[in-house]
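In each ligand, atom 1 is the first atom listed, and ligand 1 is the first ligand listed.
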Amino acid sequence: MNDPQSPTPKTVAQSSVREQVYMVFPNDLNANDTVFGGLIMAHMDRLAAVVADRHAGGVTVTVSVDAVHFMAPARRGDVLVMHASVNRAWKSSMEIGVKIEAESSAGAAGKRRHILSAYTSFVAVDANGRPVPVPALQPESPEEKRRFEEAQLRRESRLRHAEDLRRLRGALPG
Ligand SMILES: CC(C)(COP(=O)(O)OP(=O)(O)OC[C@H]1O[C@@H](n2cnc3c(N)ncnc32)[C@H](O)[C@@H]1OP(=O)(O)O)[C@@H](O)C(=O)NCCC(=O)NCCS
């Protein structure tokens with residue numbers, strides 16, 4: 001049963017961003033003539049922040065990013081096509097999955113290359129930067145339910161890793 005104090009649960013569709021486009025220009029390229037990875041990561045974080053703010057219904061901050069994978073380069077003349085959605089929400093934190101594809105603006109319509117996949121974690125905060133509760137997520141489709149279950153495994157592993165690091169630092173001299 002839901003806690004009566006908790007915000008009303010939300011669906012994935014209530015916050016997700018689909019088909020957000022960005023046209024690559026020459027000043028987006030690195031010395032290798034492919035799109036600068038940091039630019040793509042900035043897009044990833046902005047997109048995920050929009051989804052997190054929508055789901056939380058307020059201000060959120062990025063707390064961690066895990067498993068950023070660049071699958072293929074984006075190039076001059078490409079259009080980046082970006083998608084992001086909430087995979088799961090816990091007490092104050094949420095996992096947002098981001099996928100970025102690229103399509104050539106010079107023809108090959110509909111043919112997309114997978115450029116990036118990433119999982120980002122956001123925490124909803126109050127005006128003093130303290131964590132506040134977020135709505136639970138109600139996954140609906142089989143795909144959303146699969147992501148929901150997988151997100152729990154990732155959360156356990158990322159929190160265990162953060163705790164291991166804290167313990168190691170605490171045990172080191174100085
Ligand atoms: C995010 C922040 C508010 C969390 O504060 P905190 O004192 O660590 O709070 P808590 O320990 O209560 O953790 C709050 C939530 O974050 C989660 N969390 C903490 N560390 C995490 C990590 N490394 N990865 C994923 N989630 C994490 C906790 O599990 C908890 O989730 P839950 O409430 O859903 O169970 C604080 O760490 C912070 O302000 N960080 C800087 C954020 C920032 O500046 N981002 C970049 C600019 S937006």
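Close approach of ligand 1 to Val123 (heavy-atom distance below 4.0 Å) involves ligand atoms 1 (C), 15 (C), 16 (O). In summary, the atoms of ligand 1 found under 4.0 Å from a heavy atom of Gly129, numbered by their order in the structure, are 3 (C). Close approach of ligand 1 to Arg158 (heavy-atom distance below 4.0 Å) involves ligand atoms 24 (N), 25 (C). Proximity to Trp90 (heavy-atom distance under 4.0 Å) selects the following atoms of ligand 1: 34 (O). Every atom of ligand 1 is numbered from 1 in the order shown, and the set under 4.0 Å from a heavy atom of Ser121 is 25 (C).
Taking a distance limit of 4.0 Å, we find that atom 44 (O) of ligand 1 is approached by no protein heavy atom. Atom 34 (O) of ligand 1 is approached by the protein to below 4.0 angstrom, counting heavy atoms only.
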Test side-chain hydrogen bond (donor to acceptor under 3.5 Å, both in side chains) on Glu95 and Trp90; report intermediate values, then the result. CA-CA 9 Å; Glu95 182 190 276; Trp90 294 275; over 6 Å; no
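Taken together through direct or relayed side-chain contacts under 4.5 Å among Ile, Leu, Val, Met, Phe, Trp and Tyr, Met44 and Val79 form parts of separate hydrophobic clusters. If you chain together hydrophobic residues whose side chains sit under 4.5 Å apart, Met82 and Val68 fall into the same group. Note on Val21: it clusters hydrophobically with Phe25, by side-chain heavy-atom contacts below 4.5 Å among ILVMFWY residues.
With hydrogens left out, the protein atom closest to atom 38 (C) of ligand 1 is Val61 CG2, 4.8 Å, a heavy atom. Looking at atom 31 (O) of ligand 1, its nearest protein heavy atom turns out to be Ser93 OG, 3.1 Å. Nearest protein heavy-atom neighbour of atom 48 (S) of ligand 1: Thr62 N, 3.6 Å. Here the heavy atom of the protein found nearest to atom 30 (C) of ligand 1 is Ser92 OG, 4.0 Å.
Looking at ligand 1, you'll find an N or O of Lys91 within less than 3.5 Å of one of its N or O atoms. An N or O contact shorter than 3.5 Å links Ser64 to ligand 1 by distance.
Side-chain contact between Ser104 and Asp78 is present, with at least one heavy-atom pair separated by less than 4.5 Å.
Residue contacts with ligand 1: Arg155 is included, with a non-hydrogen atom under 4.0 Å away.
Between Glu150 and the options Arg146, Gln152, Arg147, a side-chain hydrogen bond (donor to acceptor under 3.5 Å, both in side chains) holds for only Arg146.
Atom CD of Glu101 and atom CG of Leu80 lie 10.5 Å apart (nearest 0.5 Å).
The heavy atom nearest to atom 19 (C) of ligand 1, out of those in Thr60, Asp45, Val63, is found in Val63.
Only the side chain of Leu159 comes within 4.0 Å of ligand 1, judged by heavy-atom distances. Contacts with ligand 1 closer than 4.0 Å are made by side-chain heavy atoms of Pro131 only, the backbone lying farther away.
With respect to Arg166 and Glu163, a salt bridge is recorded, a charged nitrogen being found less than 4.0 Å from a carboxylate O.
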